[in-house]
Amino acid sequence: MFQFGRGSRRTVGLDIGSSSVKVVELDHSGSIPALVKFGRCGLLPEAIVDGEIMDHDVVVDTIVELMEANEIASKEVVAAVSGRAVIVKKIQMDVMNDDEARDAIQWEAEQHIPFDIDDVSIDFQVLDRETRPDKMDVLLVAAKKEMLESRASLLRAAGLSAVTIDVDSFAVQNAYEQNYDHPEGTVTLLLNVGCFVTNVNIVRDGVPYFTRDLSFAGNSILEAVQKDLGVDQDEAAEILENPGEERLEDLQSIVGLVGEELAVGIEKSLSYLRASGEADHIDRICLSGGSSFAPGLRESIEKHQGSPVEIANPFRNVSWEEGMFGDDDPEILGPHYMVAAGLALRQGGD
Ligand SMILES: Nc1ncnc2c1ncn2[C@@H]1O[C@H](COP(=O)(O)OP(=O)(O)OP(=O)(O)O)[C@@H](O)[C@H]1O
Ligand SMILES: [Mg+2]
């Protein structure tokens, strides 16, 4: 457990996304986590492209500015990676203890990871030791070392250090489990639609059954709006955020088509789970990320997936002092902070 000051146990989640950096600080000394600070700061569009840092200095300055503007004193943060450089897979291994598994995982990973094994860092968690008499379920996570090093060097340059580097999808899951009831057996699809990446995580009873990042998100919506309405990128972004009455219908139908494509990607994930006999339906969907605001996306996903879609709010089961949100509604800000809040929910080492 990390102690940042007497009597307080605080953690800072820092979500470095391609379109903005978000931060959430939580205090864990009470019965439920208390929100201490939160904020976000937009990045120039070229600073991070598809998760890759293009302009190191701009990103560092943005992180520093965000931490200062929100008066966050802690220098230790929980950060995350996502996208193509990260692979999450549920695999089966012969039953063994954790130490033996640590030795065996490298060989197992070579069979499951499409990267050179020397280029990735591997982590794992035993999910179920009794899948079959002689087999256990293991969650294998591999992240490109290059990506992890790039994150660590960004943080160092911003005067910070990472206590943990997590994965966006798991942070979303963490925030979901803290804030929503999840009755036994319920299959939940967690969808975090960002700028370049959509984090898909199908969860049942706390276990991520299928975790994949699709390279299809807000940017795809933006391109569709540009093309269909014949406007440039800035105009498309403006229309997306403030469509006005006259453009709303056009926009909903464009976003609806994008939602349909997203649904096809999700369907592929689900067919994988069906084939393995692990889940044949989805009970509910929780939608987060900046693109969850795109007019018509929620409805389109609901229609194609046939399950109710809830817009995520990571501040539902978190306490805060009156006035912290000013005139803003936490329900409306919530979807932006799902990853950052989920990261801040990680208390040292877990
Ligand atoms: N009000 C809004 N209406 C429609 N789209 C929006 C709105 N606000 C933000 N977006 C879109 O949300 C996306 C940014 O979402 P988010 O902040 O979750 O992404 P990110 O974490 O920065 O990026 P990534 O995780 O993909 O690297 C952008 O594509 C932006 O166009
Ligand atoms: Mg993101």
Side-chain angles (χ1 to χ4, degrees), residues 13-24 38-54 58-59 62-63 66 79-86 147 150-151 154 166-173 175 190-201 212-226 231-244 247-248 250-252 254-256 258-259 262 286-300 311-312 314 328-329 331-343:
L14 187 69
D15 170 15
I16 307 170
S18 303
S19 77
S20 66
V21 185
K22 299 88 160 160
V23 69
V24 168
F38 71 94
R40 74 193 162 107
C41 198
L43 277 166
L44 294 174
E46 314 79 42
I48 303 183
V49 176
D50 203 359
E52 203 178 320
I53 315 290
M54 308 303 264
V58 164
V59 183
T62 306
I63 296 172
L66 179 66
V81 286
S82 76
R84 276 192 296 261
V86 186
M147 175 96 172
S150 136
R151 280 288 183 272
L154 259 189
D166 202 342
V167 172
D168 280 6
S169 268
F170 296 160
V172 171
Q173 183 181 344
L190 301 173
L191 263 188
N192 184 54
V193 192
C195 182
F196 284 96
V197 174
T198 293
N199 312 115
V200 179
N201 194 4
R212 180 158 299 169
D213 288 346
L214 308 175
S215 301
F216 192 89
N219 230 36
S220 319
I221 298 179
L222 204 64
E223 280 170 12
V225 173
Q226 261 177 270
V231 294
D232 67 19
Q233 199 177 15
D234 290 344
E235 265 180 282
E238 174 58 30
I239 294 171
L240 249 181
E241 291 196 21
N242 304 297
R247 283 226 150 112
L248 191 58
D250 284 348
L251 204 55
Q252 280 167 336
I254 298 168
V255 175
V258 178
L262 195 57
C286 180
L287 181 62
S288 61
S291 299
S292 60
F293 294 96
L297 188 67
R298 172 198 190 152
E299 292 77 5
S300 170
I311 303 286
D328 293 322
D329 181 349
E331 291 265 343
I332 296 198
L333 289 180
H336 291 293
Y337 291 99
M338 202 63 175
V339 171
L343 295 175

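The figures that follow rest on heavy atoms only: side chains count, while hydrogens, waters and symmetry mates do not. Both ligands and their constituent atoms are indexed starting at 1 by order of listing.
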Student: Not counting sequence neighbours, which residues clear side-chain hydrogen bond (donor to acceptor under 3.5 Å, both in side chains) with Glu238? List them please.
Tutor: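 Expected list: Asn242.
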Student: Please indicate whether Glu299 has more than 12 foreign heavy atoms, meaning atoms of other residues, nucleotides or ligands, lying under 6.0 Å from its CD.
Tutor: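 Yes - once you tally the heavy atoms of other residues, nucleotides and ligands closer than 6.0 Å, there are more than 12.
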Student: Rounded at 0.5 Å granularity, tell me how far CG in Leu287 sits from CG in Asn192.
Tutor: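 Going from the CG atom of Leu287 to the CG atom of Asn192 covers 8.5 Å.
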Student: Can Asp50 and Arg84 be counted as an ion pair, charged N to O under 4.0 angstrom?
Tutor: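 Judged by the 4.0 Å cut-off on N to carboxylate O distance, Asp50 and Arg84 do form a salt bridge.
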Student: Can you confirm whether the side chains of Asn201 and Ser169 place a donor and an acceptor under 3.5 Å from each other?
Tutor: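 No, Ser169 and Asn201 have no side-chain donor paired with an acceptor closer than 3.5 Å.
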Student: Between ligand 1 and the protein, find all N/O pairs closer than 3.5 Å and give the distance for each.
Tutor:
residue, atom, partner, partner atom, Å
ligand 1, 10 (N), Gly290, O, 3.3
ligand 1, 12 (O), Ser291, N, 3.2
ligand 1, 12 (O), Ser291, OG, 3.3
ligand 1, 15 (O), Gly290, N, 3.2
ligand 1, 17 (O), Lys22, NZ, 2.8
ligand 1, 18 (O), Gly290, N, 2.9
ligand 1, 19 (O), Cys195, N, 3.3
ligand 1, 21 (O), Lys22, NZ, 2.9
ligand 1, 22 (O), Ser18, N, 3.2
ligand 1, 22 (O), Ser19, N, 2.8
ligand 1, 22 (O), Ser19, OG, 3.0
ligand 1, 22 (O), Ser20, N, 3.2
ligand 1, 22 (O), Lys22, NZ, 3.1
ligand 1, 23 (O), Ser18, N, 3.2
ligand 1, 23 (O), Cys195, N, 3.3
ligand 1, 26 (O), Cys195, N, 2.8
ligand 1, 26 (O), Phe196, N, 2.8
ligand 1, 26 (O), Val197, N, 3.1
ligand 1, 27 (O), Ser18, N, 2.8
ligand 1, 27 (O), Ser18, OG, 2.7

Student: Where the side chain of Arg151 meets the backbone of Val81, is there a donor-acceptor pair that is under 3.5 Å apart?
Tutor: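 Not a single qualifying donor-acceptor pair exists.
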